[in-house]
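This is a predicted model, so every value here is computed, not measured.
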Number of protein chains: 2
Amino acid sequence: MQTFDLEGFLPYRLNRAAEFVALRFAAQYKARYQLTRPEWRTLAALGSSGRSMTATEIGAHSSMHKTKVSRAVFSLEQRRWLQRREDGRDRRFEHLALTAQGQQAYSELTELASGYQAELCSMIGAKNLEALSTGLGAVERVMKKWKGL
Amino acid sequence: MQTFDLEGFLPYRLNRAAEFVALRFAAQYKARYQLTRPEWRTLAALGSSGRSMTATEIGAHSSMHKTKVSRAVFSLEQRRWLQRREDGRDRRFEHLALTAQGQQAYSELTELASGYQAELCSMIGAKNLEALSTGLGAVERVMKKWKGL
DNA sequence: TAATATTAGTTGCGATCGTAACTATTGTTT
DNA sequence: AAACAATAGTTACGATCGCAACTAATATTA
């Protein structure tokens, strides 16, 4: 009677894979930098964009709740990895940018990340990786469409 | 100088996609059944397996921490959606199975799930879905390998 | 321009989480 | 068999989370 296949259910599979893959990487940066997941994600968003961003932009970009972003920004600021600059025209906005120290940390962390990515890729295989990337790209387009509404 | 590409970093992409896709579905079962995410995942694992499972098996299957599983089991038991049965040979084990009520809830929820899956599929497209599935399958094999060690 | 709505970001608070320590049971070693 | 290790599951507790309410600033409307 049951025609539903959990093993084929996308949210379930995505979550399981994401959780597993993220945890192994989190163990590395937690041990070395005492960074939390939201902190790393915020740092990564800023570092990779190469420019300043607002908290809202960071949240939209990385699918994080705004309170998560707010707290991550606070603690990165405490570490002096990040600086706030008020927008002169619209003072509701805060432009967030990495400090030199933050840039340094980011570049160290991307070393870790690249190593992990390489490890994943070699286990997954180039062909499967390409398939995964294609599929994720499609999901990302759906995300944009739904967020746009 | 930076050669790291966050947009290509698998843990980041997977997490973002998983979070987004899961949240939209969670909104549905939260509203109708006041179910939490770990509760739904536990119910789904049990329902789809069609047999009884131990808490450890559920955790391994769905990548959930054992305390999460423990609490989800407790609250599903309170709802009378799930029953525990002690293993006669090894009393450390508890065999968990859905009650008739739990089965009923499961089948209603799989209706929701199927609808959501269909919506996703139509947005993503059959071809991309197949690619995603191939890629996730590869990740799942890596998970098994790493868990096995 | 006064009233109202909207938006960016923060915070109080109750709910949830995960680590570590725990109980209970079984397996292994000597 | 006594001592020790390992495993299933629970729980105390501090950390983290997200909802809702908040502040502050800007945009819109009457």
Which whole-number value in Å describes the distance from [X] [atom1] to [N] [atom2]?
| X | N | atom1 | atom2 | result |
| --- | --- | --- | --- | --- |
| B:E86 | D:dT10 | CD | P | 12 Å |
| B:D87 | D:dA8 | CG | P | 12 Å |
| B:F93 | D:dT10 | CZ | C1' | 16 Å |
| A:M64 | D:dG18 | CE | P | 10 Å |
| B:H95 | C:dT25 | NE2 | C1' | 14 Å |
| A:R85 | C:dA8 | CZ | P | 17 Å |
| A:Q34 | D:dG14 | CD | C1' | 17 Å |
| A:R91 | C:dT7 | CZ | C1' | 15 Å |

>> If you only use heavy atoms from C-beta on, which nucleotide in D:dT26, D:dG9, C:dT10 is closest to the side chain of A:E94?
In response: C:dT10

> Looking at the side chain of A:R84, which of C:dG9, D:dA24, C:dT10 is the nearest nucleotide?
Replying inline: C:dT10

> When you check every protein heavy atom under 4.0 Å of nucleotides 15-20 of chain C, what one-letter string (B, S, -) results, 5' to 3'?
Replying inline: -SBBBB

> When rounded to the nearest 0.5 angstrom, what is the spacing between CH2 in B:W81 and CG in B:L76?
Replying inline: 7.5 Å

> In terms of side-chain heavy atoms, does B:Y29 have a donor or acceptor partner in B:Q34 at a distance below 3.5 Å?
Replying inline: no

>> Any salt bridge linking A:E94 with A:R84? Criterion: basic side-chain nitrogen under 4.0 Å from a carboxylate oxygen.
In response: yes

> In terms of side-chain geometry, is the basic nitrogen of B:R79 or B:E39 positioned less than 4.0 Å from the acidic oxygen of its partner?
Replying inline: yes

>> Out of the candidates B:T36, B:I58, B:L96, only one should pair with B:T42 under the side chain to side chain contact (heavy atoms under 4.5 Å, CB included) rule; please name it.
In response: B:I58

>> side-chain hydrogen bond (donor to acceptor under 3.5 Å, both in side chains), that's the test. Do A:H65 and B:E19 meet it? Break it down for me.
In response: CA-CA 11 Å; A:H65 194 273; B:E19 192 64 18; over 6 Å; no

> Under 4.0 Å: is that the gap between some side-chain N or O of B:S70 and OP1 or OP2 of D:dG9?
Replying inline: no

> Going by modelled atom types, is there a donor-acceptor pair between the base of D:dT7 and the side chain of B:R92 at under 3.5 Å?
Replying inline: yes

> Mapping A:D90 and B:M53 onto DNA chain D by nearest heavy atom, which one lands closer to the 5' end?
Replying inline: B:M53

> So, B:F9 versus A:F25, ring centres under 6.0 angstrom or not?
Replying inline: yes

